[in-house]
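What follows is a single structure, written as structure tokens, with notes after it.
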Number of protein chains: 2
Amino acid sequence: MTESNGPQEAWAAALRAHGRRVTKQRLAVLAAVERHPHSPAEHILAAAREELPELTAQSVYVVLGDLTDLHMLRRFEPPHSPALYETRVGDNHHHAVCISCGRVEDVECAVGHAPCLTPHWDEDAKPMTIQIADVLYQGICQECQRTQKLPSNVQQ
Amino acid sequence: MTESNGPQEAWAAALRAHGRRVTKQRLAVLAAVERHPHSPAEHILAAAREELPELTAQSVYVVLGDLTDLHMLRRFEPPHSPALYETRVGDNHHHAVCISCGRVEDVECAVGHAPCLTPHWDEDAKPMTIQIADVLYQGICQECQRTQKLPSNVQQ
DNA sequence: TGTCTTATTGTGATTGATTCAAAATAAGTG
DNA sequence: CACTTATTTTGAATCAATCACAATAAGACA
């Protein structure tokens, strides 16, 4: 019965479980991110306003930041892009971004369950206690290859 | 004899090889990045001004961007941080950042030579032609663990 | 060595993404 | 229903980076 009434109830339950109040702003943001994975705050605001027109940009930033801290959302920052958000959390999947058009695709963990959680430290490095490993693939998507739409400036 | 007169000559040669003019600004930026790996533009500006006081922030941004495109510098963008630059290019090493203090350490490629260049695509994903894979480890460094200086807000 | 071309840098203003501060609102509790 | 305070809103501010254009200087060639 956890998700009986659609994700709406699940979101609410998760918020309460984290000691957060269930507000229409939070639910609208969560729904918007669910509908538009890999979206920046600005797009999430636009999408969420479809069901909650009075929603504020500031609120979106606060909510996104808080929910990310709670691990109810995941954030990643591709080069030359604002932060992107998604509701797919808990697994350690990674991302591929097209350096030409910016398209983002999900990628399964390449090395199994815990991807690269045992890094090979440099001789002179002071090892850290690694919590997560974000892998960001960069390349050219099929669409951009076909249309020859190569990037004007080849970023790294 | 390529590096006979120190890195200075090597930088100059590399710039010419790329059809770039050898300017004191470029050399100062390169030297600054060499001396301070994993530094943001602002710090590079400060460091480069020690030997070239009249250097401009704008020039630093232009030079960093151009040299990154030429693969003479490498840029990466940790979460909640401005872009960082380093002169170590050509190998596919990765980075570990402390989510508490921001310290950055170099990490050898975990999987061998070409790390995760063969991603496991999602069923519904449209595969891209991957060019590089950036791996960013996030954790707590020894220093912060010892001093119990845990992050106030646990970012993802 | 001097002149010329134009790549490069400097000057000044501007954008975009995000954050801060404080007042207004509303979710949950009793 | 009233109360507490988390949350949102309002409005301004910050930081990183970029744009436009004038000034400068590196490299080429006479």
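Reminder, nothing fancy here: chain letters follow the sequence lines and each chain counts from 1. All values below were derived from every heavy atom in this structure, side-chain atoms included, with hydrogens, water molecules and symmetry-related copies excluded.
- Using a 4.0 Å cut-off, some side-chain N or O of Q25(B) falls inside it from OP1 or OP2 of dG10(C).
- The separation between K24(A) atom NZ and dT8(D) atom C1' is 9 Å, rounded to whole Å.
- In this structure, CG of L27(B) is placed 14 Å from C1' of dA25(D), rounded to the nearest angstrom.
- Partners of P82(A) under the side chain to side chain contact (heavy atoms under 4.5 Å, CB included) rule, at least two apart in sequence or in another chain, are P40(A).
- To the nearest angstrom, P of dT7(D) lies 13 Å from CZ of R16(A).
- For H95(B), the ring pair (Phe, Tyr, Trp, His ring centres under 6.0 Å) partners are H38(B), F76(B), H93(B), not counting sequence neighbours.
- Look at CG on L15(B): it is 12 Å from C1' on dT8(C), rounded to the nearest Å.
- Partners of A125(A) under the side chain to side chain contact (heavy atoms under 4.5 Å, CB included) rule, at least two apart in sequence or in another chain, are W121(A), D122(A), E105(B).
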Between the protein and nucleotides 5-7 of chain C, which nitrogen or oxygen pairs come in under 3.5 angstrom?
unit_1 : atom_1 : unit_2 : atom_2 : d
dA7(C) : O4'    : R21(B) : NH2    : 3.2
dA7(C) : N3     : R21(B) : NH1    : 3.4

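- Between T56(A) and dT9(D), a side-chain N or O to OP1/OP2 separation shorter than 4.0 Å is present.
- A14(B) meets the side chain to side chain contact (heavy atoms under 4.5 Å, CB included) test with M72(B); sequence neighbours excluded.
- Within the 4.0 angstrom heavy-atom criterion, only backbone atoms of the sugar-phosphate kind lie near V22(B); the bases stay farther away.
- Regarding contacts with the backbone of dT8(D), a side-chain N or O of T23(A) is found under 4.0 angstrom from either OP1 or OP2.
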Listed pairs, N/O of protein and of nucleotides 28-30 of chain D, under 3.5 Å:
none

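- Counting only heavy atoms from C-beta outward, the side chains of Y85(A) and T68(A) approach each other to under 4.5 Å.
- The rotation axes computed at either terminus of the helix from dT1(C)-dA30(D) to dG30(C)-dC1(D) lie 40° apart, taking five pairs at each end and rounding to 10 degrees.
- Nucleic acid contact for V63(A): sugar-phosphate only, since backbone atoms but no base atoms lie under 4.0 Å from a heavy atom of the residue.
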Between protein and nucleic acid, restricted to nucleotides 14-20 of chain C and to nitrogen or oxygen atoms under 3.5 Å apart, what atom pairs and distances do you find?
unit_1  : atom_1 : unit_2 : atom_2 : d
dT18(C) : OP1    : A83(A) : N      : 3.0
dT18(C) : OP2    : Y61(A) : OH     : 3.1
dT19(C) : O4     : Q58(A) : OE1    : 3.2
dC20(C) : N4     : Q58(A) : OE1    : 2.9
dC20(C) : N4     : Q58(A) : NE2    : 2.9

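- Between L45(B) atom CG and dC15(D) atom P the separation is 15 Å, expressed in whole Å.
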(message) Under the criterion salt bridge (charged side-chain N to carboxylate O under 4.0 Å, His left out), I'd like the reasoning laid out for E108(B) against R88(B): C-alpha separation, chi angles, the key distance, then a yes or no.
(response) CA-CA 12 Å; E108(B) 299 305 319; R88(B) 183 177 169 186; 3.2 Å; yes
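- By the side chain to side chain donor-acceptor pair (under 3.5 Å) test, Q142(A) is found to be paired with no residue, residues two or more places apart in sequence or in another chain being considered.
- Residues that satisfy the side chain to side chain donor-acceptor pair (under 3.5 Å) test with T129(A), not counting sequence neighbours, are Q145(B).
- Each salt bridge (Lys or Arg N to Asp or Glu O under 4.0 Å) pair with one or both residues in residues 53-68 of chain A, not counting sequence neighbours, appears once here: R20(A)-D66(A), R26(A)-D66(A).
- The side chain to side chain contact (heavy atoms under 4.5 Å, CB included) check on T87(B) picks up W11(B), V33(B), E34(B), L73(B), with sequence neighbours excluded.
- With respect to R75(B) and D134(B), no salt bridge is recorded, no charged nitrogen being found less than 4.0 Å from a carboxylate O.
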